[in-house]
Amino acid sequence: MGSVGAKEVPVLLTPDGKRIDGRHLDDLREIKIVAGALHQADGSAYVEWGANKVMAAVYGPREVHPRHLQQNNKAIVQCKYNMAAFSVDERKRPGLDRRSQEISKVIAEAFESVIFVEEYPRTSIDVYIEVLQANAGTRCAGVVAASVALADAGIPMVDLLPSVAVGKVAGQIVLDLKKEEDNFGEADMPMALVPQSGRLVLLQMEGHMTADELGRSLDLGVKGCRAIYEKMKQALRDRYETGAGPAAGVAQ
Amino acid sequence: MVRVIPLSGRYIPKPSDVVVGTVTDVQTTFWLLDIGAPRWAPLHMTGTPWKMDVGETGQYLHVGDTVVVQIENLDATGRIGVTMLGDGLGKVDGGTVITLSPAKVPRLIGRSGSMIQMLTQKTDCRIAVGQNGRIWVDGTSDGIERVREAIRLIEEEGQRPGLTERIAGYLGSTQGTSGPLAPTPGPARPPFEPPGPIEPGDDEDDAGPGPF
């Protein structure tokens, strides 16, 4: 049932089970995480995930503007996910669109469920996610970057929030789709996991899957999240074990 | 119950901390101060050495002014009460504010104040250290720059041993960098004195709006 309409549908899966970039079905792309990549923000992180490049900055807890948004018993979490005009092949019209508003909302809600918001009443924790280069899975890369940035900002959380997309490509359940697989595949399901409790705090899906496939996708996604979780912890260790100086290898 | 002790991040106020803040808003009976904490801290007019009536707050502190205050109380809703009554507290004029991670402030002060004493002496600057990581510095522009550089060193290398020696080395080595042709420093500045109470109309600028 593959997607039709495009001129050339690339070969997404070879007969011996290799994907378009040579990965196996359950392989992640290469992930590089740098904690504390920015100087001015309270916390920050930079993530390179395959061809995705995402920067996240966290400010707060700080005063809420406009005032009427403030909650007298907890902090609010505000998130802005934005794609740079140059992040995709065809120039993207800059600014808010329906897609970025939706992603900002689901990410903010995911973080609100892991941050100890009750500790900072009447304040706002602001998360900015800038996608510099996109190649499918940017919201997951954004969640990972934002999560490390929140930890770097010293904001108390239940846990870090690893995130990954699972999907169905050429009839197979695969982990961490790249652009061609996302465009020509049958389904795409981003998720974010709280590793300590096994709770999913972000789950979306586009496309079609059977109930059995959904179950297998969830298992595969959880496995992927746990692998990413280790990389996130390592990024934070790298920043703080070598002394709380600026992250190594990042120009200040 | 889970508790998290962050290694970095915003300043979390503690009672009796002395902090350096910036006036961000003037109300009829209080000012709001940005002290780098999660929330702005109200400084009520009764917490100052000045006698004033309601509505006269604008004659004493303007938006953008720098003040040295002490955390007095914290309540469960996160409100931060500060006072300007006490030794070393008050408004500071001139100078500049340098920021440092709040976690590094103990390094800047040094054991029983050794580091900050050395900085003050070797740069001939007046320095007020806030526990919130904001440091007010006044002196010659050369002196301020050297304090700024020293604070940068503390920020980056604060966790390595022998910090005081390295800062002493830095301050010693740069003392003569401008060479013999450098203009002789002006009359020695008075050491930092706690700014005493000031009267409204003390300086001519008071008539106009704040400096910002």
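This structure is a prediction, so every number in the text was calculated from the model and none was measured. The figures that follow rest on heavy atoms only: side chains count, while hydrogens, waters and symmetry mates do not. In what follows, every chain begins at residue 1, and chains take the letters A, B, ... in the order their sequences are listed.
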*What are the two closest heavy atoms between B/Trp40 and A/His65, and how far apart are they?*
CH2-CE1, 3.9 Å
*Could you tell me the separation between the CD atom of A/Glu63 and the OG1 atom of B/Thr24, rounded to the nearest 0.5 Å?*
7.5 Å
*State, to 0.1 Å, how close A/Pro121 and B/Gly78 come at their nearest heavy-atom pair, and which atoms those are.*
CG-N, 4.2 Å
*asked:* Please classify the contact of B/Ala103 with chain A as side chain, backbone, both or neither, using a heavy-atom distance under 4.5 Å.
replied: neither
*Decide if atom CZ of A/Arg226 counts as having more than 12 heavy atoms of other residues, nucleotides or ligands within a radius under 6.0 Å.*
yes
*Could you check if a side-chain atom of A/Arg62 sits within less than 4.5 angstrom of a side-chain atom of B/Pro38, using non-hydrogen atoms only?*
no
*In terms of heavy-atom pairs under 4.5 Å with chain B, which of A/Ala151, A/Gly43, A/Gly60, A/Pro61 leads?*
A/Pro61
*Working to the nearest 0.5 Å, report the span between CZ of A/Arg239 and CG of B/Leu7.*
10.0 Å
*Select one option (side chain, backbone, both, neither) describing which atoms of B/Ile5 are under 4.5 Å from chain A's heavy atoms.*
neither
*Among A/Asn73, A/Thr123, A/Asp42, A/Ile125, which residue forms the greatest number of heavy-atom pairs with chain B at distances under 4.5 Å?*
A/Asp42
*Within 6.0 Å of NZ in A/Lys233, more than 12 heavy atoms from elsewhere*: yes
_For chain B, which candidate among A/Asp152, A/Val64, A/Val58 shows the most heavy-atom pairs at distances under 4.5 Å?_
A/Asp152
*Going by residue number, which parts of residues 101-120 of chain A are within reach of chain B, meaning a heavy-atom gap below 4.5 Å?*
A/Phe116, A/Glu119, A/Tyr120
_Ignoring hydrogens, what is the shortest heavy-atom contact between B/Val4 and A/Met157? Give both atom names and the distance._
CG2-O, 3.9 Å
